[in-house]
Amino acid sequence: MSLETYRLEVRETETSGIDADVYGSDDLIEESAHVAYDDYDLEPPETRETPPADAEEITADVLTIDLQFERDDAGFTFRLLGDRDELTTVRVEDDDWGLE
């Protein structure tokens, strides 16, 4: 095993949802997830100047990675796991992203 740098990027898509992608050090997507707002009865604001996004970067020595997300009453949490241990998270708050 050797140290590898991963970047978890979470952004709103043009199709009314959220994409979460994990990029490896070679900038190729290694894991991804998509959340459709319709699945959670959410709606984004009608107009946005810039779609919201967030990213976290982590360097770890792991054999496997896994991207998971969960929903609670106030938003989504996207977790990047390495060998079953949490490496980093990105939190999407409904209020911060203007979701109703």
Peer 1: Check Asp54 with Arg91, please: is the shortest side-chain N to carboxylate O separation under 4.0 Å?
Peer 2: no
Peer 1: Measure the CG-CG distance between Leu87 and Leu80 for me, rounded to the nearest 0.5 Å.
Peer 2: 5.0 Å
Peer 1: So, are Asp27 and Arg7 salt-bridged, with charged N and O less than 4.0 Å apart?
Peer 2: yes
Peer 1: Under 6.0 Å from the CG atom of Asp72, do we count more than 12 heavy atoms belonging to anything else shown?
Peer 2: yes
Peer 1: Taking atom CG of Asp21 and atom CG of Leu28, what is their separation to the nearest 0.5 Å?
Peer 2: 11.5 Å
Peer 1: With hydrophobic residues grouped by side-chain heavy-atom distances under 4.5 Å, do Leu67 and Leu81 end up in a single group?
Peer 2: no
Peer 1: Take Leu99 and Tyr40, measure what side-chain contact (heavy atoms from CB on, under 4.5 Å) needs, and give me the verdict at the end.
Peer 2: CA-CA 11 Å; Leu99 303 175; Tyr40 297 91; over 6 Å; no
Peer 1: To the closest 0.5 Å, what do you measure between CZ (Phe78) and CD (Glu70)?
Peer 2: 10.5 Å
Peer 1: Could you state the interatomic distance from OG1 (Thr5) to CG (Asp26), rounded to the nearest 0.5 Å?
Peer 2: 11.0 Å
Peer 1: Can you measure from CD (Glu93) to OG1 (Thr77) and round to the nearest 0.5 angstrom?
Peer 2: 7.5 Å
Peer 1: I need the minimum non-hydrogen distance between Gly24 and Glu30, along with the two atoms involved.
Peer 2: CA-OE2, 3.3 Å
Peer 1: Rounded to the nearest 0.5 Å, what separates atom CG in Leu42 from atom CH2 in Trp97?
Peer 2: 11.5 Å
Peer 1: Does some side-chain heavy atom of Val90 sit less than 4.5 Å from a side-chain heavy atom of Phe76?
Peer 2: no
Peer 1: Locate the shortest heavy-atom distance separating Ser2 from Asp61; write the atom from each residue and the value.
Peer 2: N-OD1, 3.2 Å
